Amino acid sequence: MDEINNPHDVYFRESFTRREIAQDFLRWHLERLITLIDQIADRDTALESLESLLRYDVQGTQRVAEDDARQLLEQTSPGDPIMQTFIDRYIEQGRERGIELGIEQGKCQGEAEFLLRLMERKFGPADVKLRQQIQEADAEKLLEWSERILTAKTPDAVFH
């Protein structure tokens, strides 16, 4: 990582790594954004803009947890129909993302189990270290190893 020497950047990096400061900052901005949204005639565009900004703050910077962002939203403008629509959309997108991650994780686990079966079939029982290495690998690495097992003479040859 590049070293930050600019005092302004150093201050913000150190400040925003503290969760409570990042939450306060987000709460302050949410209140002002909601005021702006109320002034925009095209509600859909306003909601999309707020959604983009919030997604960046929560997912892009990872300074505020998803649950904390939802809680801040609910506290900021309770009962406001436009905010309720936004909160519902935000939560639904979070659910969809969670489902996508779950599917990807399940797929990766299945690939790992399949590679372990192939390894055991070809080389005999796998030791704990080998099992852990396979179970912790990402999908791309598992695919690479699955292709290597076809010609590998030893378990080490699969991984190197």
Side-chain angles (χ1 to χ4, degrees), residues 1-27 29-30 33 44-45 47-76 83-160:
M1 178 183 265
D2 295 331
E3 188 173 327
I4 299 174
N5 295 319
N6 177 319
H8 182 265
D9 293 342
V10 169
Y11 170 78
F12 275 97
R13 184 192 65 206
E14 290 174 2
S15 295
F16 285 99
T17 54
R18 294 183 44 213
R19 185 181 197 149
E20 63 277 358
I21 291 175
Q23 287 176 341
D24 288 344
F25 183 77
L26 181 59
R27 182 179 291 115
H29 278 287
L30 274 176
L33 285 170
D44 288 335
T45 301
L47 283 175
E48 289 170 12
S49 298
L50 177 60
E51 195 170 337
S52 295
L53 289 168
L54 191 58
R55 288 256 173 246
Y56 170 77
D57 250 359
V58 173
Q59 295 173 348
T61 66
Q62 296 181 341
R63 291 185 183 124
V64 178
E66 191 86 30
D67 290 338
D68 293 337
R70 280 194 201 104
Q71 187 177 21
L72 287 170
L73 282 170
E74 290 169 354
Q75 291 171 359
T76 302
M83 280 310 296
Q84 195 56 51
T85 301
F86 173 74
I87 292 167
D88 292 344
R89 280 177 39 180
Y90 189 81
I91 290 171
E92 183 58 31
Q93 285 183 353
R95 275 193 202 113
E96 289 171 5
R97 180 70 179 133
I99 290 169
E100 289 171 10
L101 290 173
I103 290 170
E104 185 62 34
Q105 187 178 32
K107 181 180 169 187
C108 202
Q109 287 174 343
E111 290 171 355
E113 287 300 316
F114 183 66
L115 179 59
L116 275 169
R117 285 188 74 174
L118 291 175
M119 294 285 292
E120 289 176 345
R121 183 96 169 178
K122 188 167 185 172
F123 302 115
D127 63 25
V128 173
K129 183 181 174 189
L130 182 118
R131 284 183 163 286
Q132 184 176 5
Q133 185 175 2
I134 291 173
Q135 290 170 341
E136 291 175 355
D138 61 26
E140 187 176 319
K141 190 55 83 174
L142 289 168
L143 180 60
E144 182 182 320
W145 292 341
S146 295
E147 291 171 351
R148 284 190 197 156
I149 197 170
L150 298 173
T151 57
K153 303 287 186 217
T154 66
D156 284 341
V158 172
F159 303 108
H160 307 308

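Bear in mind the structure is a predicted one, so any value in this text is a computation, not a measurement.
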Please collect all side-chain hydrogen bond (donor to acceptor under 3.5 Å, both in side chains) contacts where either partner lies in residues 114-132, sequence neighbours excluded, each pair once. E120-R131, Q132-E136
Between CD1 of I134 and CZ of F159, what distance do you get to the nearest 0.5 Å? 4.0 Å
Rounded at 0.5 Å granularity, tell me how far CD in E147 sits from CG in L115. 11.0 Å
So, taking the atom named CD in E144 and the one named CZ in R148, what distance separates them when rounded to the nearest 0.5 Å? 4.0 Å
Rounded to the nearest 0.5 Å, how far does NE2 of H160 lie from OG1 of T154? 8.5 Å
Quick check for you: to the nearest 0.5 Å, what is the distance between Q135 atom CD and C108 atom SG? 10.5 Å
Nearest 0.5 Å, what's the CG-CD distance between L142 and E140? 10.5 Å
Do E111 and S146 touch side chain to side chain, with heavy atoms closer than 4.5 Å? no
Please examine the side chains of D156 and F123, heavy atoms only from C-beta on, and report whether any two atoms are closer than 4.5 Å. no
